[in-house]
Novice: 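Quick one: this structure, given as structure tokens, is what I'll be asking you about.
Residue numbers start at 1 and run along the sequence shown. Ligands are counted one by one from 1 in listed order, and the atoms in each one are counted from 1 as well. Basis for what follows: all heavy atoms, side chains included, without hydrogens, waters or symmetry-related copies.
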Amino acid sequence: REGFLFRKIDIEGQKKSSNSRSWVNLYCVLNKGELGFYKDAKNTSTPYNNEPLINLNRCACDINNGYKKKKNVFTLKTKDGSEFLFHAKDEVSCMALDGKLQGG
Ligand code: I3P
């Protein structure tokens with residue numbers, strides 16, 4: 001329940017920052033219904049950009065989103081209105097990850 005994924009912030013919720021909209025390869029850790037992002041696998045105590053963990057309880061995943069530039073991209077919408085795009089390496093991983101995130 002952890003591994004690298006390319007992530008892009010599509011819509012930012014509460015936090016208003018001037019974060020880049022580019023794709024970043026982040027180490028994602030899913031633990032007890034919370035998703036954290038880290039720069040690499042070695043240091044998972046300090047989140048990437050000090051971003052808070054995402055509680056997946058009230059998140060929605062969507063693999064059939066409108067994103068056309070890459071294949072196997074799914075969307076995660078959080079309760080504060082943020083939207084993240086994740087790029088999986090193939091269709092199977094995309095669906096597996098979607099399922100994992102849906103399941104918390
Ligand atoms: C972004 C970067 C992303 C691109 C995004 C750009 O620029 O080129 O790859 O998203 O387009 O803003 P920057 O690195 O300067 O933040 P796509 O790969 O989805 O095109 P967008 O703002 O139209 O989403």
Novice: Take Glu51 and Arg7 through the test salt bridge (charged side-chain N to carboxylate O under 4.0 Å, His left out) and record every step on the way to the result.
Specialist: CA-CA 13 Å; Glu51 294 177 15; Arg7 185 195 76 171; 2.7 Å; yes

Novice: Is the closest side-chain heavy-atom distance between Leu35 and Leu76 below 4.5 Å?
Specialist: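 Contact flag for Leu35/Leu76 side chains = yes.
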
Novice: Could you pull out all residues at least two apart from Phe37 that satisfy ring pair (Phe, Tyr, Trp, His ring centres under 6.0 Å)?
Specialist: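 Residues passing ring pair (Phe, Tyr, Trp, His ring centres under 6.0 Å) with Phe37: Phe84, Phe86.
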
Novice: Hydrophobic cluster membership, with links at side-chain heavy-atom distances under 4.5 Å among I/L/V/M/F/W/Y: are Leu5 and Leu30 in one?
Specialist: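 Linked, Leu5 and Leu30 end up in one cluster.
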
Novice: Which one of Arg21, His87, Lys68, Lys70 has a non-hydrogen atom at the shortest distance from atom 22 (O) of ligand 1?
Specialist: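 Shortest heavy-atom distance from atom 22 (O) of ligand 1: Arg21.
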
Novice: Output the list of atoms in ligand 1 that are nearer than 4.0 Å to some heavy atom of Ser20, sorted by atom number.
Specialist: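 What qualifies from ligand 1 is 14 (O), 16 (O).
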
Novice: Which of the numbered atoms in ligand 1 are below 4.0 angstrom from a heavy atom of Lys69?
Specialist: 17 (P), 19 (O), 20 (O)

Novice: Side chain to side chain contact (heavy atoms under 4.5 Å, CB included) with Lys79: which residues, sequence neighbours excluded?
Specialist: Asn55, Arg58

Novice: Would you mind listing which atoms of ligand 1 come within a distance below 4.0 Å of any non-hydrogen atom of Tyr67?
Specialist: 17 (P), 18 (O), 19 (O)

Novice: Please work out whether any backbone atom (N, CA, C, O) or any side-chain heavy atom from C-beta onward of Lys8 is under 4.0 Å from ligand 1, and answer side chain, backbone, both or neither.
Specialist: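 It is the side chain that gets close, since no backbone atom is under 4.0 Å.
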
